[in-house]
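Structure first, then comments.
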Amino acid sequence: MSFDYDLFVIGGGSGGVRAARVAAAGGARVALAEEDRYGGTCVIRGCVPKKLMVFASEYSGMIEDGRAYGWDLDNKGFDWDHFKTKLNAELDRLEGVYRGLLKGSGVESFDARARLADPHTVELADGSRKTAKHILIATGGRPFVPDFPGAELAITSNEMFHLDKLPESILIVGGGYIASEFAGIMNGLGVKTTQYYRGEQILRGFDNEARGLVAEEMIQSGIKLHLGTNVAQMRREGDKIHVTATNGDENLFDQVMFATGRNPNADDLGLEALGVERGRGGEIKVDAYSQTGVPSIYAIGDVTDRVNLTPVAIREGMAFVETVFNGNPTSPDHDLIPTAIFTQPEMGTVGMSEEEAAAQETIEVYTASFKPMQQSFAGRAQKVLMKLIVSQASRKVLGCHIVAPGAGEMIQLAGIAVKMGATKEDFDRTVAVHPTMSEELVTMKSPVRTV
Ligand code: NDP
């Protein structure tokens with residue numbers, strides 16, 4: 001049977017675009033459909049604009065530090081319109097780069113929503129049908145807002161980049177990556193920022209000591225963090241939003257942003273009729289090779305809800321191409337993924353938390369906590385943390401957790417050593433780079449505890 005294409009990709013985000021390009025570069029006939037903007041969540045409404053907003057928000061502190069170093073600096077405030085115009089231009093440029101990459105590698109793209117008509121056929125929004133030997137679903141995810149009275153007044157991270165003006169006050173709900181990152185951004189931009197998290201401590205799942213320090217420093221920098229607190233109801237009051245919290249507190253905010261998790265974009269794709277199985281959270285179920293129960297249909301990235309990070313989706317896309325087009329079955333490696341949370345202070349982490357590791361074996365915990373030179377000179381009190389979790393039996397470093405300016409950059413490099421199976425002694429025989437913060441990673445002599 002002959003098909004229009006060897007591969008049809010649904011979704012033009014990080015994972016889909018990479019898979020399409022790599023398959024086409026290997027000679028496959030490839031098409032891709034995207035209903036929204038090319039680049040997906042990461043480029044258009046996630047990592048990229050978020051990081052640019054983190055940079056923007058950090059200048060307030062830097063101006064103060066600069067003054068402490070002797071610079072004569074005047075801070076006349078932040079111009080949201082100026083930033084937003086530049087941000088939009090940058091996103092347009094990046095979207096153009098993504099479109100260009102697809103075109104340049106010979107992928108035919110359709111600016112349309114697509115759904116599955118049968119295991120080898122995709123139907124586009126205009127009713128036209130395309131057949132393909134393999135279909136790859138890479139449709140990502142979208143923010144989820146729980147149902148409660150007044151939920152329609154909430155915005156999500158999607159809207160944060162398009163606000164007409166910066167609010168004077170904001171409530172951020174949630175304690176995950178997105179909520180905690182935006183709390184830092186808004187606070188740094190001068191917005192009165194309150195964060196509600198229903199649990200005991202933000203950033204659940206990460207090392208307790210590390211997330212404790214992040215939370216402490218966020219509070220120090222002016223964020224009103226309320227733990228064990230959720231929104232009970234909201235209503236409009238003039239141009240403000242009146243929020244009643246589960247603890248009975250009542251407050252007015254200009255904006256309320258919910259960052260309470262994301263749902264996979266797998267509805268209305270025609271999956272049910274074809275028998276493609278979905279999990280309890282709506283994610284598409286796939287095997288270790290990203291294949292669904294229907295042999296011609298594969299799925300990668302956030303829509304499969306494995307590890308929802310851009311570089312992971314990209315790897316899943318490349319492993320898919322290797323498996324399906326290069327005859328080399330490759331399963332994406334989800335072990336020891338380094339990651340950064342762009343809170344202020346930033347956190348970088350790889351491997352197991354102290355709590356996870358201690359539940360498995362006897363571990364030695366090494367920590368160094370101090371005030372870094374640059375900020376300390378300026379009179380800023382923020383503390384940093386360097387932490388290694390070491391297996392007592394094998395001496396391997398099982399986890400590395402860093403809370404510090406630039407922690408994301410540091411953990412990328414420490415991640416290589418941890419992924420290679422480095423032992424504490426390997427760290428120790430590496431000469432320190434002085435004077436830096438990360439030198440502490442190779443100079444920690446005795447464990448602070450053995451558990
Ligand atoms: P997360 O799953 O990280 O966090 C969701 C948060 O919302 C949790 O604190 C959760 O609480 C809370 N929550 C869930 N449901 C409710 C509810 N009904 N009421 C109140 N609170 C609720 O999701 P995010 O949206 O922050 O991020 C999504 C994913 O995007 C992340 O998991 C990550 O993979 C990725 N991401 C990565 C970034 C990075 O690499 N720097 C940056 C941004 C996103 P509880 O803990 O109690 O469940």
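Indexing begins at 1, ligand by ligand and atom by atom, following the structure's order. Hydrogens, waters and symmetry mates are skipped; everything else that's a heavy atom, side chains included, is used. A quick note: this is a predicted structure, and the numbers were derived from the prediction, not measured.
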Name the atoms and distances for all side-chain donor-acceptor pairs under 3.5 Å in residues 143-158, with sequence neighbours left out.
| from | atom 1 | to | atom 2 | distance (Å) |
| --- | --- | --- | --- | --- |
| Thr156 | OG1 | Asn158 | N | 3.2 |
| Thr156 | OG1 | Glu159 | OE1 | 2.9 |

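- Annotation: atom 35 (C) of ligand 1 to nearest protein heavy atom, Asn308 O, 3.3 Å.
- Residue nearest to atom 21 (N) of ligand 1, selected from Thr310, Thr156, Thr260: Thr260 (by heavy-atom distance).
- The existence of a salt bridge linking Asp65 and Arg380 is confirmed by a sub-4.0 Å separation between a basic side-chain nitrogen and an acidic carboxylate oxygen.
- The side-chain heavy atoms of Asn208 and Glu354, taken from C-beta on, include no pair separated by under 4.5 Å.
- Looking from atom 16 (C) of ligand 1 to the surrounding protein, the closest heavy atom is Arg198 NH1, 3.4 Å.
- Numbered from 1 in the order shown, with element, the atoms of ligand 1 that lie under 4.0 Å from a heavy atom of Pro146 read 17 (C), 18 (N).
- Note on Glu209 versus Lys387: salt bridge recorded, some NZ/NE/NH1/NH2 to OD/OE distance being below 4.0 Å.
- For ligand 1, the atoms lying closer than 4.0 Å to a non-hydrogen atom of Ala259 are 5 (C), 6 (C), 7 (O).
- With ligand atoms numbered from 1 in the order given, ligand 1 contributes 41 (N), 42 (C) to contacts under 4.0 Å with heavy atoms of Lys50.
- Partners of Asp164 according to the side chain to side chain contact (heavy atoms under 4.5 Å, CB included) rule, which considers only residues two or more places apart in sequence or in another chain, are Lys84.
- Comparing heavy-atom distances from atom 32 (O) of ligand 1 across Phe144, Phe206, Phe148, Tyr177 singles out Tyr177 as nearest.
- Here the side chain of Thr139 pairs no donor or acceptor atom with the backbone of Ile137 at under 3.5 angstrom.
- Under 4.0 Å from ligand 1, not a single heavy atom of Val307 appears.
- Nearest protein neighbour of atom 42 (C) of ligand 1, counting heavy atoms only, is Glu181 OE1, 3.3 Å.
- The heavy atom nearest to atom 23 (O) of ligand 1, out of those in Cys42, Gly261, Gly175, Gly199, is found in Gly261.
- Counting heavy atoms from C-beta outward, Ile178 and Met257 have side chains that approach closer than 4.5 Å.
- Put simply, the side chain of Gln195 gets close to the backbone of Gly174: a donor and an acceptor are under 3.5 Å apart.
- Looking at atom 29 (C) of ligand 1, its nearest protein heavy atom turns out to be Arg262 CD, 4.3 Å.
- Using a 4.0 Å cut-off between heavy atoms, Asn230 contacts ligand 1 through its side chain alone, with no backbone atom that close.
- Considering only non-hydrogen protein atoms, atom 48 (O) of ligand 1 sits nearest to Arg204 NH2, 2.8 Å.
- Ranking the protein heavy atoms by distance from atom 44 (C) of ligand 1 puts Ile178 CG1, 3.5 Å first.
- Heavy atoms of Ala340 found under 4.0 angstrom from ligand 1 belong exclusively to the backbone.
- Heavy-atom contacts of Leu309 reach the following atoms of ligand 1: 34 (O), 37 (C), 40 (O) (cutoff under 4.0 Å).
- Between the side chains of Arg306 and Ser290, at least one donor N or O sits under 3.5 Å from an acceptor N or O.
- Closest protein heavy atom to atom 4 (O) of ligand 1: Gly176 CA, 3.4 Å.
- Note that CE of Met234 is 14.5 Å distant from NZ of Lys240, once rounded to the nearest 0.5 Å.
- With ring centers used as reference points, Phe206 lies 6.0 Å or more from His401.
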